[in-house]
Amino acid sequence: MSMETFEPLPHLKDVFTPGRSMEYRVRFAPSPTGSPHVGNIRSAILNWLFARHYNGSFILRIEDTDRERYTEEGVKAILDGLKWIGLYWDEGPELGGPFGPYIQSERLEIYHRCAQYLVERGYAYYCTCTKERLEEVRKEQMAKGIPPRYDRHCRDLGIKGSPGDPDKVIRFKIPYTGNTKFNDIIRGEISFSNALLDDFVILKSDGYPTYHLANIVDDHLMKITYVMRAEEWIPSTGKHILLYNAFGWKPPKFAHLSVILGPDKSKLSKRHGASSIIEFREMGYLPDALFNYLSLIGWSPKENREIFSRDELIQMFDLSGLNPSSGVFDINKLKWMNGEYIRMMKVDELVEVSMPFLKKRSWDRFPHEYLIKVYTLMQERLKLITDIYELGYYFFEDPHVYDENGKIRYFTPETKPHLEEIAERLYSLINFEHKDIEELFKAYAREIGIKLGFIVHPVRLAVTGMTIGPGLFELMEVIGKETCVKRIKKALDEI
RNA sequence: GCCCCUAUCGUCUAGGCGGUUAGGACACCGGCCUUUCAAGCCGGCAACAGGAGUUCGAGUCUCCUUAGGGGCACCA
């Protein structure tokens, strides 16, 4: 429509980023209301992969225009979360960039200038309607069965004002007729009837912009070329296109990502259990595994595998692999993948990432050499880093409780004399190494004429408190003679 | 209520231009291995939402129905 264009910050017109393509600039623009949700992180991952694939830029912008819900911890949680999962941004908070500031609350004057421009050109207007009046209008409309919308009471009143005046908001004028359409990369053409759109607020009475204004102003000023965001934004994209047109700006390309669902197929949220990235970290998920898993929901590469390194993901990333339909978050598959990643690690790496978790139980006091031995045995049995608490506690503490079923099966009066004898023989064993321990067990079984399992199982239960675990002889070597013998003797009291 | 999006195994998905025994992965169920568990290996179960149409031929194209999801704020 408008032939003229408006540049609130003309000096940015010719800025470019050395070494990075200006053609592929994407952003992740969360609002700091708490720890980032895996759905948001998934969007961030896809944007990041896109930027890396095309040697573009991944920009982080904090959308903190809702001062009611704003929390300082929210900002920190976002930065920490992104760093934890390895999504480093090229421009944004902490490191700045040519198009900053990257925090919207620091850009208020820009939004004011933009909003004022729209008012002056007749694209927007001041509105003094009170919340009470809006409420009344809405009620009336509902009663009549018409869609609740602002009745445009102030649209042609010519109310004067300046941005941020208390009790005044600025509303955008939606054309009465016509259609607004855009081409979505994933979904094709989507169009809206203007008659169904609302004269939405662009500047609130507290002087802060709404998402719609701030978002398009910043995307334009930061020279964002592709907007990849969740599909819940599709319905407001019509408004955004209208805004771009009013300013005379070229809209970016849009790709509306499918949403991540819970097992009940509604949008994944807290009520489905863990959903924030912090929680996954605490549950013992590896950032690489979560990254890998999340990148594969709603997107798929050409190759028929599922474990991909970051570099491979970057190489293969392609918009055409984006899936328009939503996917259910399958914690089971994530767990499996996490196990795969654990098994791919070197043992000392595994020990290193486990340290914070060991520390929580003061198990970090054990010598590094010991931990290496423990994890050598446990590595292929762990799906989560925290599984060590359940599956390997006996390397660090004496068993307090014995597996109930195991107790009934293995701690029988018949086994008691054997356990006593085994304890004695172990005590006399010079080389407490798994080969020798195994030989000792086998010799005893042969001698008495029993099956190996007849003594192996009770001893395992006595030493570990469990009926499952790594090879008994290897595990006993790690735990050591004194402790093993002590535990067997203690178990005798249970029989 | 109105608007928008979506639709292949239970779940994540492959299946550009219409012609496949509809492929893979997780989960599940068997088997092998084995002192248990895990890992690994081998095998199995399991899907084109429904209905019209176009066509020699439709998972693939069109329309309708149904179902699910999302959006209708001075929240993002």
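Letters go in sequence order (proteins before strands), and every chain restarts at 1.
Counting any heavy atom pair closer than 4.0 Å across all strands shown, A:G453 reaches no nucleic acid atom. When heavy atoms are screened at a 4.0 angstrom cut-off, A:L203 is found touching no nucleic acid atom at all. No contact: A:G339 has no heavy atom under 4.0 Å from any strand.
Taking the six-membered ring where the residue is Trp, the centroids of A:W336 and A:Y293 are separated by 6.0 Å or more. Aromatic rings of A:Y244 and A:H220 (six-membered ring for Trp) have centroids beyond the 6.0 Å cut-off, not under it.
Counting to the nearest Å, the P atom of B:G1 and the CG atom of A:D198 are 20 Å from each other. The nearest whole Å value for the distance from the CD1 atom in A:I388 to the P atom in B:A38 is 17 Å. Residue A:N304 contributes atom CG, which lies 12 Å from atom P of B:C26 at whole-angstrom precision. As rounded to whole Å, 12 Å separates atom C1' of B:U6 from atom CD1 of A:I186. Following rounding to the nearest Å, A:R305 (CZ) and B:U13 (C1') show an atom-to-atom distance of 15 Å. With rounding to whole Å, A:F329 atom CZ is found 12 Å from B:U11 atom C1'. If you measure from atom CE of A:M378 to atom P of B:C37, you get 15 Å, rounded to the nearest angstrom. Taking atom OH of A:Y375 as the reference point, atom P of B:A39 lies 18 Å away to the nearest angstrom.
For the residue pair A:R229 and A:H256, a side-chain donor N or O sits within less than 3.5 Å of a side-chain acceptor on the partner. Side chain to side chain, A:S295 and A:R42 fail the donor-acceptor criterion of an N or O pair below 3.5 Å.
Pair check for B:U55 finds none; no Watson-Crick or G-U wobble contact set falls under 3.5 Å. Pairing partner, B:A7: B:U66, with both Watson-Crick or wobble hydrogen-bond distances short of 3.5 Å. Under the Watson-Crick and G-U wobble criteria, each requiring two contacts below 3.5 Å, nucleotide B:G1 is paired to B:C72. Under the Watson-Crick or G-U wobble criterion, with both distances below 3.5 Å, B:A22 has no partner in any strand shown. Remark: B:C41 base-pairs with B:G31. Criterion, Watson-Crick or G-U wobble with two distances under 3.5 Å. B:G16 is unpaired under the criterion used here, namely a Watson-Crick or G-U wobble arrangement in which both key atom distances are under 3.5 Å. B:U60 is unpaired under the criterion used here, namely a Watson-Crick or G-U wobble arrangement in which both key atom distances are under 3.5 Å.
At least one side-chain nitrogen or oxygen of A:N323 sits closer than 4.0 Å to the OP1 or OP2 atom of B:A14.
No donor-acceptor contact under 3.5 Å links the side chain of A:T210 to the base of B:C74.
The number of heavy-atom neighbours closer than 6.0 Å to CZ of A:R133, taken from other residues, nucleotides and ligands shown, is above 12. A:E390 CD: 12 or fewer foreign heavy atoms inside a 6.0 Å radius.
Minimum atom distance to the side chain of A:I468 is reached by B:C37, of the listed B:C37, B:G71, B:C74. Each of B:A7, B:U11, B:A76 was ranked by its minimum atom distance to the side chain of A:R69; first place goes to B:A76.
Rounded to whole Å, the separation between the P atoms of B:C32 and B:G59 comes to 41 Å.
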